[in-house]
J.: 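What follows is a structure written as structure tokens; I'll ask about it next.
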Amino acid sequence: MPELPEVETVRRSLARRAGGARVVSVDLRRPAYVTGARNDRALLLGAQLKRLERRGKQIAIIADSGRALCVHLGMTGGLRVLQGTALEPTHTHILWRLRTPAGAALRLAMTDPRRFGGVWTFRSFDDLIRARWADLGPDALTVTDEHLADALAGTTRAVKAALLDQRLIAGVGNIYADEALFAAGVHPAHPSHRLARRRAHRLAQAIRATLAQSLEAGGSTIRDYRDADNAAGGYTARHAVYGRSAEPCVRCAGRLGSAVIAGRTTVWCPRCQRRPRPWAPPRAGRSPHTATRG
DNA sequence: AGGCGATCCTGAGGGC
DNA sequence: TGCCCTCAGGATCGCC
């Protein structure tokens, strides 16, 4: 489920609630959810949670022991802090018991009904970066106009497909790809390399602005997404196109269209997001301006 | 190179 | 109430 704003919201709430806490016990209930060493020490038993980092849709939990966990939430994953007698969520694959510096007992639950996410264990944050983050593009929240323009110039794919490719830009998923394309007035099927550089810059600005606005609202809540505090996101109501197929465009009131592009349901406004003019072969003799090929 | 479909899973929602 | 179908925030793989 979660895209960059939701993952960053989880990271922040986790840092606030469990930062500095020590791992008292580890209960790994579904070993297959973890890749790499699966022993207690690899899962940070006895260590203190020191730093929480994020790149795109992935979170790194770095302990004072130097060890690091990489968490990818997939479609339905969540990291939830439970206090007191709070009920444990269903599909909890790992449960950590923590003790905060102030002495409070907390539980941290890694939940993921569909199990498209996962946890990877590493001896160090450097190892994590090498194994999992080295191939990711720059984080979408701070991607530069120049980087996105260069990345798009290098591929012929539909721009929507390019935005979903985490090697080009990290953190954009199906919701924010559609939202940013709408905000920039770019048709999702526009061939990436044919997008004018000026429009690629505008798209980069739209990506940053859309993600920042959603982050400010605590992300989007579709179905079961919750942050580490179990709070729902407030951005869903502000979606201009995602989930609004056949509804009126917020800008021109025209009917929003949808189709499967890059294997994902895509919604856009046919009037506000024009298709590129199709290339037509020049026909000789029709106009004095028609180029004659040698 | 990249489109496409299948695949990994569970759950929600609609139609009947 | 239940059954059957479709669809869902992600990402990878093999095949054309």
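We name chains A, B, ... by the order of the sequence lines, and we start the count at 1 in each one.
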J.: For dA1(B), take OP1 and OP2 only and decide whether either is under 4.0 Å from a side-chain N or O of His193(A).
T.: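 The answer is no; no side-chain N or O of His193(A) sits under 4.0 Å from OP1 or OP2.
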J.: Over how many whole Å does the gap from Arg264(A) atom CZ to dT6(C) atom P extend?
T.: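 The distance from CZ of Arg264(A) to P of dT6(C) comes to 19 Å, rounded to the nearest Å.
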J.: Is any side-chain nitrogen or oxygen of Thr265(A) closer than 4.0 Å to OP1 or OP2 of dC7(C)?
T.: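 The answer is no; no side-chain N or O of Thr265(A) sits under 4.0 Å from OP1 or OP2.
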J.: Rounded to the Å, how far apart are Lys160(A) NZ and dC4(B) P?
T.: 13 Å
J.: How does DNA chain B look in dot-bracket form if you count Watson-Crick and G-U pairs under 3.5 Å, write [ ] for pairs that cross, and put | where a base pairs with another strand?
T.: .|||||||.|||||||
J.: So what does Gly173(A) hit on the nucleic acid, given a heavy-atom distance under 4.0 Å: a base, only sugar-phosphate, or nothing?
T.: sugar-phosphate
J.: Starting at atom NE2 of His93(A), determine the distance to atom P of dC9(B), rounded to an integer number of angstrom.
T.: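 It is 11 Å, rounded to the nearest whole Å.
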J.: Just to confirm, is there a sub-4.0 Å distance from OP1 or OP2 of dA1(B) to any side-chain nitrogen or oxygen of Thr155(A)?
T.: no
J.: Expressed as a whole number of angstroms, how long is the span from Gln166(A):CD to dT12(C):C1'?
T.: 13 Å
J.: Do any side-chain nitrogens or oxygens of Thr76(A) fall under 4.0 Å of OP1 or OP2 in dC9(B)?
T.: no
J.: I'd like to know if Arg114(A) reaches the base of dA8(C) with its side chain, counting only an N/O donor and acceptor under 3.5 Å.
T.: yes
J.: Ala32(A) and Arg38(A): which non-hydrogen atoms are nearest, and at how many Å?
T.: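 What the structure gives for the nearest pair is CA-NH2, 4.1 Å.
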J.: Starting from the C-alpha separation in whole Å, work towards a yes-or-no answer on side chain to side chain contact (heavy atoms under 4.5 Å, CB included) for Leu4(A) and Arg54(A).
T.: CA-CA 9 Å; Leu4(A) 189 153; Arg54(A) 181 192 56 76; 3.3 Å; yes
J.: Could you tell me the separation between the OG1 atom of Thr121(A) and the CG atom of Leu44(A), rounded to the nearest 0.5 Å?
T.: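 Answer rounded to 0.5 Å: 9.0 Å.
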J.: Could you walk me through whether Trp268(A) and Tyr242(A) pass ring pair (Phe, Tyr, Trp, His ring centres under 6.0 Å), step by step?
T.: CA-CA 8 Å; Trp268(A) 75 94; Tyr242(A) 179 83; over 10 Å; no
J.: Using the benzene-type ring in the case of Trp, are the ring centres of Trp120(A) and Tyr33(A) under 6.0 Å apart?
T.: no
J.: May I have the step-by-step check of side chain to side chain contact (heavy atoms under 4.5 Å, CB included) for Leu203(A) and Leu152(A), ending in yes or no?
T.: CA-CA 11 Å; Leu203(A) 180 56; Leu152(A) 294 179; 4.1 Å; yes
J.: Residues from residues 132-140 of chain A sitting under 4.0 Å of DNA chain C, heavy atoms only?
T.: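 Nucleic-acid contacts, sorted: none.
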J.: Stepwise, does the side chain to side chain contact (heavy atoms under 4.5 Å, CB included) test hold for Thr111(A) with His93(A)?
T.: CA-CA 6 Å; Thr111(A) 69; His93(A) 306 313; over 6 Å; no
J.: Between dT6(C) and dG5(B), how many Å separate the two P atoms, rounded to a whole number?
T.: 15 Å
